[in-house]
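In what follows, a structure is listed as structure tokens, so that the remarks can point back to it.
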Amino acid sequence: MKNLVEPIKDKKDIEAIEQYLAKHSLRNQLIFVFTCNSGLRISDVLGLNVEDVRNKQYVEVIEKKTGKYKRFPLNNKLKSLIKKYLVERDKTYSITSDEPLFVGKKHCRLDRSQVYRFINDACLKVGLQGNFGTHSGRKSFGYHHYKKFHDVALLQKIFNHSSPSITMRYIGIAQEELDESYKNFEL
């Protein structure tokens, strides 16, 4: 069986990771919050430029993996954090609209391996057991979106998946529901 990255199924764990990241890096906190609140793949989050989010109500991207257009509104949490992040980053050096939103120490666009390290580290530091990484935010978005709305067709469309079963398996619901059925069944 492949070693798949898991969604973070407990909202308290998501909050703990966010708080841990906030203490260490506003940039890292925003990346994590962005994936958890947008459902974007990490490659699409890291592909954003300042102009894609500054003073915007919506984010528009062409997904790197699928080549499909995606547009979604920024929630208040993301808008607030983006504004705070850009103000802080502007204090360090003046940023232009066409720059990458997320840069490293040498002002180059971050890559997914750097994000994997800080996400994985944060999960370990807050005591999460399991396999977590750059895709955990996207999967967490899907898991909690499904738990709130119970609309797999909508989530399938958000994720651009080809079938509901792929979406359910992707967010860990299919196995969870199978496990529950076994636990709650006796003859």
key: R41 and E63: CA distance, side-chain angles, deciding distance, salt bridge (charged side-chain N to carboxylate O under 4.0 Å, His left out) verdict   = CA-CA 8 Å; R41 291 176 184 86; E63 293 180 329; 3.8 Å; yes

Check this for me, if you would: do D121 and K125 make a salt bridge, where the nitrogen-to-carboxylate-oxygen distance has to be below 4.0 angstrom?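 Salt bridge between D121 and K125, a charged N being under 4.0 Å from a carboxylate O: yes.
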
Salt-bridge test for E99 and R54: reply yes if a basic N is under 4.0 Å from a carboxylate O, no otherwise.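 Between R54 and E99 there is no salt bridge, as every charged N stays at least 4.0 Å from the carboxylate O atoms.
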
Any donor-acceptor N/O pair, [X] side chain to [Y] backbone, under 3.5 Å:
| X | Y | result |
| --- | --- | --- |
| H144 | I8 | yes |
| D52 | N49 | yes |
| R27 | R89 | no |
| R109 | L48 | yes |
| N75 | L78 | yes |

Using a 4.5 Å cut-off on heavy atoms from C-beta on, say whether the side chain of [Y] contacts that of [X].
| X | Y | result |
| --- | --- | --- |
| L74 | Q57 | no |
| I31 | L110 | yes |
| F102 | Y85 | yes |
| E6 | F132 | yes |

Within 6.0 angstrom of [X] [atom1], more than 12 heavy atoms from elsewhere:
| X | atom1 | result |
| --- | --- | --- |
| Y182 | OH | no |
| D179 | CG | yes |
| K157 | NZ | no |
| E60 | CD | yes |

Identify the heavy atoms of [X] and [Y] that sit nearest to each other, and give their distance.
| X | Y | value |
| --- | --- | --- |
| E51 | K56 | O-CE, 3.1 Å |
| K9 | G172 | NZ-O, 3.5 Å |
| S113 | D111 | OG-OD1, 2.6 Å |

Would you mind writing out the side-chain donor-acceptor pairs for residues 10-17 within the sub-3.5 Å range, not counting sequence neighbours?
from : atom 1 : to  : atom 2 : distance (Å)
D10  : OD1    : K12 : N      : 2.8

Check your understanding: Is the centre of the F32 ring less than 6.0 Å from the centre of the Y20 ring?
Key ->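 No - the distance between ring centres of F32 and Y20 does not fall below the 6.0 Å cut-off.
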
Among Q156, R138, H161, K139, side-chain hydrogen bond (donor to acceptor under 3.5 Å, both in side chains) partner for Y170:
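In the set Q156, R138, H161, K139, the residue that makes a side-chain hydrogen bond (donor to acceptor under 3.5 Å, both in side chains) with Y170 is R138.
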
(Q) Check the orientation of F72 and F34. Use parallel for under 30°, tilted for 30 to 60°, and perpendicular for over 60°. (A)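 Rings of F72 and F34: perpendicular, as their planes differ by over 60°.
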
